[in-house]
Amino acid sequence: MSETNELKSKTKVLIMGSGPAGLTAALYAARANLEPTVIAGFEPGGQLTTTTDVENYPGFPEGIMGPELMDAMRKQAERFGANCVNGEITSVDLSKRPFKIITGNGDQVEAETFIISSGATAKMLGIESEKQMLGYGVSTCATCDGFFYKEKEIVVIGGGDTAMEEAVFLTKFASKVTVIHRRDELRASKIMQERALKNDKIEFLWDSVVEEVIGNKQDGVTGVKVLNIKTDETWIKECEGMFVAIGHTPNTNLFEGQLDMDENGYLITNDKTSETNVPGVYAAGDVQDTRYKQAVTAAGTGCMAAIDAERFLEENE
Ligand code: NDP
């Protein structure tokens with residue numbers, strides 16, 4: 001994101017977040033001559049900047065590096081007049097239009113429409129080695145990275161539906177998948193549990209937590225240090241990859257009490273549109289997606305949000 005771009009105090013379309021949803025919304029809004037403003041957020045480029053090769057984004061037969069894809073999306077939006085600015089939104093007032101948005105620097109922006117594409121953050125275990133090896137054998141997305149683990153042994157952390165789904169999916173590639181769960185009982189729905197439990201390639205390590213990821217950026221992951229919380233024993237489980245599947249948190253704290261959300265904090269959109277319960281406010285990407293969570297679906301909903309905002313502006317000006 002260019003350091004020199006300045007935040008304007010008024011904008012027709014303000015976009016929160018610069019992942020595939022936000023930048024696609026920016027591209028469409030810019031091509032509709034709406035000169036959108038994008039406030040990049042705490043992780044410019046979004047979750048894809050934490051992956052390496054992206055092989056499932058259409059149009060790149062050889063794959064593309066996540067950060068490179070996001071850089072290209074930003075440049076494409078900027079080429080048509082999107083103003084992408086580094087920074088974070090710290091508070092919003094959506095009670096009346098124009099909406100008032102305050103950034104971390106204390107700047108205030110008045111926005112005629114507001115597209116929220118602030119994404120979701122994969123929950124992590126919170127250990128240092130996991131952070132170091134993210135993108136080098138530690139992943140939070142089986143759909144994105146499973147392909148790199150053909151005939152390899154991997155571990156999946158978690159006991160919910162996401163962990164079961166990812167473990168089953170990963171058996172298509174891996175020679176063996178070991179699910180490491182901190183309790184002796186799964187949280188996942190019965191049907192997902194059954195699918196995982198009856199899969200010959202999946203093993204379970206109960207009452208266990210990962211204390212350290214072993215490996216380095218050159219050779220990748222070689223194992224994980226596991227603690228059995230009942231016996232207090234630690235040991236090294238050899239593996240070549242670790243998938244953390246302990247849930248996602250949608251980045252929606254700012255909207256509590258202002259926008260409708262489900263019980264997990266995801267924004268609720270009206271059937272088949274990007275509209276939230278506040279006219280002129282739209283949601284796109286993972287912040288409203290509990291089901292698909294893919295870069296390409298995020299981009300698709302970003303396009304929807306820009307078209308919805310454009311139509312709203314036409315009807316209300
Ligand atoms: P959940 O919150 O349901 O499960 C998270 C799992 O991770 C739990 O087993 C939890 O353990 C474990 N966990 C959480 N924090 C830690 C930690 N710090 N260390 C170790 N383990 C941890 O999240 P999911 O992402 O699995 O699911 C979210 C929602 O999405 C659910 O409603 C689910 O049903 C839905 N979903 C549905 C799918 C489908 O229907 N196909 C697919 C995927 C998700 P513990 O059990 O001990 O709390």
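Read the numbers this way: they start at 1 and go in the same order the structure lists the ligands and their atoms.
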Got a sec, which residues hit side chain to side chain contact (heavy atoms under 4.5 Å, CB included) with His181, two or more places apart in sequence or on another chain? Arg183, Leu186, Trp206
In this structure, CG of Asn33 is separated from NZ of Lys12 (nearest 0.5 Å) by 8.5 Å
Does anything in residues 101-112 form a side-chain hydrogen bond (donor to acceptor under 3.5 Å, both in side chains)? List the pairs, not counting sequence neighbours. Arg97-Glu112
Just so I know, are the side chains of Val278 and Phe114 near enough to count as touching, which here means a heavy-atom distance under 4.5 Å? no
First-shell residues of ligand 1 [heavy atom, distance under 4.0 Å]: Leu125, Gly158, Gly159, Gly160, Asp161, Thr162, Glu165, His181, Arg182, Arg183, Arg187, Ile246, Gly247
So do Leu48 and Met73 actually touch side chain to side chain, heavy atoms under 4.5 Å? no
Please enumerate all residues that pass side chain to side chain contact (heavy atoms under 4.5 Å, CB included) together with Ala142, with sequence neighbours excluded. Glu166, Phe169, Leu170, Phe243
